[in-house]
Asks: 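Below: one structure in C-alpha cells.
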Amino acid sequence: MTIDHRFLLAGVIGWPIMHSRSPLMHNHWLEENHLNGRYVPLAVEPAKLERAIRGLNPLGFFGVNVTIPHKQNVMQYLDEIDPTALAMGAVSCIHAREDGSLFGKNNDAQGFIRNIKAQSLQWRADAGPITVIGAGGGARAVCYGLIQEGATEIRLVNRHIEKAQGLADQFGSFIKPVAWSERHTALQGAKMLVNATSLGMVGQPALDLELNDLPKDALVADIIYAPLETELIKHAKLRGNQAVGGLGMLMHQGPLAWELWFGITPSVTPKLQALLEKSLQG
Ligand code: NAP
C-alpha cells in the first residue's frame, strides 16, 4: 500500500453517527503522525448503505469503520470478508483496496481482548468460568475473543435466551446459555464478568445485577464507554473488584484499522485516552 501521494481519507459509517468518538481518535493520530488526511463521520441511513459503500473507492477512501446498524447488512456489498468476521457474522472495518475491491474485517473481538490484556496483565481466559451478560453484536465479539483466548466456560445470560442459545449453537459447548432470572447466581465462582448489554449506557437504565455472589478476585469489564464508568463498574470497584470500562476496547480497535488501511500502527497512549475521556465528560 502506497500512501505517499494520497490524502488519507477514512471515516466511520453509522446511523446515527454524530455521537461517535472515532473521528476524534483517528484525527488525533493523523496529526500526531504528521499525515495529510481526515477521518470523517458518515451518517448513512440504511436505505442508502449500498450506494455509500460502492462510493468509497471512487471517492478515494482508504476505508471505513462500520457501526450500528450496518455491521451485518454491509457484508453483502463486500468482495471479500475475513474468516473471523464471517464467524462473527458482522464487519466492523472495511478496506477500500487499490484494485477497487472491498475487504471486510471485524476488529471488535481483538479490541476487547487487547484492552483486557493491557489493563490486567495477569488475566487469563482459561482461569475459570466467565459470565457474559448480553447476546447482541457486542457480546458476540466478546465471546468470540474469549474463546480464541482459551475460555472453557462462558455462562451467557440474555433477556431473550434464544439469542444466547443461538450463540451456543454457533460457537460450541464452551457457551452455556443462562436465563435472565438466573443472572445473579450465574456469578458464583466466576473469574470474570462482562456486561455486553446496552444497559448502563447513557439514556438507558442501569444493569440490574446483584454482585453478592461474585468473587472479589473476579475481573469486571463493561464494553460501554458512555458513560466512562457505568454503575456496574462503580459498584464493582467499591466492593474491591478490578474493573475495566469500554473505552479501551474502542481505542485498541483503531490501530488494527490503520494497519489495514495505511500500513501504520498508531499508539494507544495516555494522551489519547485523556483526550477521549475529556470529550466524553463534556
Ligand atoms: P445490540 O446488538 O443491540 O445488543 C443489545 C443487548 O442488550 C442484547 O443482549 C439485549 O438483550 C440487551 N438489552 C437491551 N435492553 C435490555 C433490557 N431492557 N433488559 C435486558 N437486556 C437488554 O447492541 P450491541 O451492539 O451489542 O451494543 C451493546 C453495547 O455495547 C452498546 O452500549 C454499545 O455502544 C457497546 N459497544 C461498545 C463497543 C466498544 O468498542 N467499546 C463495541 C461494541 C458495542 P435482548 O437480546 O434480549 O434484546
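Read the numbers this way: they start at 1 and go in the same order the structure lists the ligands and their atoms.
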Asks: Just wondering, are more than 12 heavy atoms of other shown residues or ligands nearer than 6.0 Å to CD in Q122?
Replies: no
Asks: Check whether the ring centres of F103 and H95 lie less than 6.0 Å apart, and answer yes or no.
Replies: no
Asks: Where do A218 and N241 come nearest, in terms of heavy atoms and distance?
Replies: O-ND2, 2.9 Å
Asks: At a heavy-atom distance under 4.0 Å, which protein residues reach ligand 1? Sort them by chain and number, would you?
Replies: I68, G134, A135, G136, G137, G138, N158, R159, H160, K163, W180, A196, T197, S198, L199, M201, I223, I224, Y225, G246, M249, L250, Q253
Asks: Side-chain heavy atoms under 4.5 Å apart, restricted to Ile/Leu/Val/Met/Phe/Trp/Tyr: what other residues fall into the cluster of L121, or is it alone?
Replies: none
Asks: Transitive ILVMFWY cluster of I175 at side-chain heavy atoms under 4.5 Å: who else is in it?
Replies: M88, F112, I113, I116, W123, I130, V132, V142, Y144, L146, I147, I154, L156, L167, F171, F174, M192, V194, L219, I223, V244, M249
Asks: Pairs under 3.5 angstrom only: tabulate donor-acceptor contacts from the side chains of residues 53-62 to other protein residues two or more places apart or in another chain.
Replies:
unit_1	atom_1	unit_2	atom_2	d
R54	NE	E50	OE2	3.1
R54	NH2	E50	OE2	3.2
N57	ND2	G100	O	2.8

